[in-house]
Amino acid sequence: MRNFLITGGAGFIGSNYVTFLLEHYPDCRVVVYDKLTYAGNLNNLLAHKNDTRYAFVKGDICDSAAVRETLVAHQIDTIVNFAAETHVDRSLSDAGSFVNTDVYGTFVLLEAARELKLERYHQISTDEVYGEILTGSSNEEYPIQTRSPYSASKAGADLMVLAYFTSFGLPVTITRGSNNIGPYQYPEKVVPLFITNAIDDKPLPIYGDGLQMRDYQYVGDHCEGIDLVLRQGELGQVYNLGTGSETRNIDMANLILDLLGKPKTLLQYITDRPGHDRRYALDVRKINALGWHSRHDFAAALEATVRWYRENEWWWREIKSGAYYQAYYHTHYSGREVAAPNPAH
Ligand code: NAD
Ligand code: DAU
């Protein structure tokens with residue numbers, strides 16, 4: 001594994017992973033293949049612009065001719081697929097784009113990897129494929145019980161990846177990560193949205209009662225876990241990646257306000273997300289046994305993330321001030337305000 005195609009490498013986790021590869025593997029070559037949807041941003045990769053080991057190709061993973069051409073032209077031996085439509089709320093209003101990219105796009109990459117006999121295909125998946133976990137935790141054998149169009153699409157992709165292993169012997173691995181936070185996350189996802197709203201003294205929109213739980217992990221830790229699975233994971237296997245502990249959304253929101261010295265009056269309850277998964281909780285013993293543990297606990301991950309957004313206003317202000325973002329925010333959030341649930345948290 002030396003010549004990497006990083007699909008979706010201009011997005012949040014993908015761009016952090018590109019940086020990880022270039023910093024840790026002096027001999028590697030990295031080609032980012034990305035459609036540059038609203039979530040793709042070449043500012044995430046600015047640091048590598050002049051690195052001769054790095055190249056950018058604008059392309060869609062659903063375009064099989066362009067995928068093949070890129071794989072051949074750059075002598076790619078390994079695909080790591082981050083490309084996806086990723087926001088659960090958007091999957092409720094535009095499920096079709098999720099099926100196209102997350103399911104069909106994955107198939108296109110698998111088929112190209114099979115035909116060109118690539119050394120490795122790695123799929124970036126999510127803890128959401130296990131559905132909501134009201135008690136206990138989900139290990140890698142836990143049933144797929146998806147509930148949103150996003151998670152259903154990601155699960156479809158995972159099953160196709162495993163089918164290519166079983167049917168064609170394609171050397172695949174899958175990692176299922178929990179919620180990532182850190183630099184370059186598009187400010188529609190809850191943590192960067194709350195941080196940037198709080199910096200500007202704008203309300204933090206809390207869905208429902210705010211008692212939903214997520215395992216927020218630092219993106220750099222996630223990248224280390226992916227790297228370990230690529231080097232030491234067993235082919236055909238799935239590995240969960242997360243801290244193994246969960247935080248309530250309301251506690252995350254309060255901590256952001258504390259870190260920024262902002263008042264609790266910024267908390268604004270709004271109507272809930274339809275079909276909102278109450279809790280995700282990963283059993284991470286399989287990846288722990290390979291030697292990976294999350295370096296940051298939730299508090300450390302959040303603190304580092306808040307610091308980055310404070311120090312990099314140039315990055316998110318360009319996005320948030322744009323007409324596309326403003327229209328999304330208005331359509332998605334206006335008129336949803338409700339009273340705080342009782343008793344107060
Ligand atoms: P993101 O939304 O920030 O970035 C997605 C990237 O994919 C963008 O650069 C976009 O331009 C690109 N893309 C979208 N459709 C494409 C297409 N058809 N062809 C080529 N490129 C396309 O996403 P992210 O949060 O970095 O997530 C990356 C991957 O990790 C996704 O597969 C996601 O399901 C998974 N994941 C995310 C999280 C999380 O907390 N963010 C957690 C677990 C797993
Ligand atoms: O669990 C991994 C998944 O995490 C990834 O696969 C997805 O790509 C990623 O988007 C994320 O999904 P979530 O739905 O968990 O993330 P989101 O940031 O949208 O929401 C996190 C929690 O915060 C969830 O309980 C909903 C809540 N929320 C979200 C938004 C956007 C709010 O309370 N208010 C908001 O405005």
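Just so we're clear, the structure is a prediction, and the values are computed from it rather than from any experiment. Order of appearance sets the numbers: ligands from 1, and atoms from 1 within every ligand.
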Close aromatic pair by centroid cut-off 6.0 Å: Tyr269 and Tyr207: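 Ring-ring flag for Tyr269/Tyr207: false, centres at least 6.0 Å apart.
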Centroid-centroid distance, Tyr218 to His222, less than 6.0 Å: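 No; His222 has its ring centre 6.0 Å or more from that of Tyr218.
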Tyr329 near ligand 2 by a heavy-atom separation under 4.0 Å: no
Proximity flag His276 to ligand 2, non-hydrogen atoms under 4.0 Å: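 Heavy atoms of His276 do come under 4.0 Å of ligand 2.
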Derivation and outcome, side chain to side chain contact (heavy atoms under 4.5 Å, CB included), residues Thr173 and Gln123: CA-CA 6 Å; Thr173 38; Gln123 177 75 359; over 6 Å; no
Distance-only polar pair, side chains of [X] and [Y], donor-acceptor under 3.5 Å:
| X | Y | result |
| --- | --- | --- |
| Tyr309 | Gln185 | no |
| His48 | Thr19 | yes |
| Asp127 | Tyr130 | no |

Derivation and outcome, side chain to side chain contact (heavy atoms under 4.5 Å, CB included), residues Phe298 and Ser245: CA-CA 8 Å; Phe298 171 65; Ser245 74; 5.7 Å; no
[X] versus ligand 1: do any nitrogen or oxygen atoms come within less than 3.5 Å of each other?
| X | answer |
| --- | --- |
| Asp34 | yes |
| Asn81 | no |
| Thr37 | yes |
| Asn180 | yes |
| Thr86 | yes |
| Ala83 | no |
| Phe12 | yes |
| Glu85 | no |

Asn240 side, atom CG; Thr175 side, atom OG1 - distance, nearest 0.5 Å: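 Between Asn240 CG and Thr175 OG1, I get 9.5 Å after rounding to 0.5 Å.
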For ligand 2, is any non-hydrogen atom under 4.0 Å from [X]'s backbone (N, CA, C, O), its side chain (CB onward), both, or neither?
| X | value |
| --- | --- |
| Asp127 | side chain |
| Tyr130 | neither |
| Glu188 | backbone |
| Thr86 | both |
| Asn179 | both |
| Leu193 | side chain |

Parallel, tilted or perpendicular: ring planes of Trp315 versus Tyr184, cut at 30 and 60 degrees: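 Perpendicular, since the angle between the ring planes exceeds 60°.
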Mutual orientation of the aromatic rings belonging to Phe82 and Tyr17 [parallel < 30°, tilted 30-60°, perpendicular > 60°]: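 Phe82 and Tyr17: tilted rings.
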I need the nearest protein heavy-atom contact for [atom]: residue, atom name and distance, please.
| atom | result |
| --- | --- |
| atom 36 (O) of ligand 2 | Tyr333 OH, 2.7 Å |
| atom 15 (N) of ligand 1 | Thr101 CG2, 3.5 Å |
| atom 32 (O) of ligand 1 | Lys154 NZ, 2.7 Å |

CD/Glu313: more than 12 non-hydrogen atoms of other groups inside 6.0 Å: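 Above 12, so yes.
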Flag if over 12 foreign heavy atoms under 6.0 Å of CZ, Arg295: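 Open: at most 12 neighbouring heavy atoms sit under 6.0 Å from CZ of Arg295.
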Whether Arg90 side chain and Thr86 backbone form a donor-acceptor pair below 3.5 Å: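 Checked: no pair found.
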Donor-acceptor contact present, side-chain Asp63 to main-chain Gly59, <3.5 Å: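 No, Asp63 side chain to Gly59 backbone: no donor-acceptor pair under 3.5 Å.
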Which ligand 2 atoms are under 4.0 Å away from a heavy-atom of [X]?
| X | value |
| --- | --- |
| His87 | 19 (O) |
| Tyr216 | 21 (C), 22 (C) |
| Arg214 | 15 (O), 24 (C), 25 (O) |
| Gln212 | 25 (O) |
| Thr126 | 1 (O), 2 (C), 3 (C), 5 (C), 6 (O) |
| Pro205 | 32 (C), 33 (O), 34 (N), 35 (C), 36 (O) |

Close approach of [X] to ligand 1, heavy atoms, under 4.0 angstrom:
| X | result |
| --- | --- |
| Ser97 | no |
| Ser15 | no |
| Ala10 | yes |
| Thr7 | no |
| Gly9 | no |

Of the listed options Tyr280, Tyr150, Tyr38, Phe82, closest to atom 29 (C) of ligand 1 (non-hydrogen atoms): Phe82
Option of least heavy-atom distance to atom 13 (P) of ligand 2 (set: Lys189, Glu128, Lys154):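 It is Glu128 that holds the nearest heavy atom.
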Per-residue contact class, Asp102 against ligand 1 - non-hydrogen pairs under 4.0 Å: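 The answer is neither; Asp102 stays 4.0 Å or more away.
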Pairing of [X] and [Y] as salt bridge, 4.0 angstrom limit:
| X | Y | result |
| --- | --- | --- |
| Glu246 | Arg279 | yes |
| Lys35 | Asp60 | yes |
| Lys262 | Asp201 | yes |

Just distances here: any N/O of [X] and N/O of ligand 2 closer than 3.5 Å?
| X | answer |
| --- | --- |
| Ser178 | no |
| Tyr150 | yes |
| Arg273 | yes |
| Ile206 | no |

Geometric cation-pi criterion, Arg114 with Phe168: 6.0 Å, 45°: yes
Steps toward side chain to side chain contact (heavy atoms under 4.5 Å, CB included) verdict (Phe56, Leu42): CA-CA 9 Å; Phe56 177 77; Leu42 289 177; 3.7 Å; yes
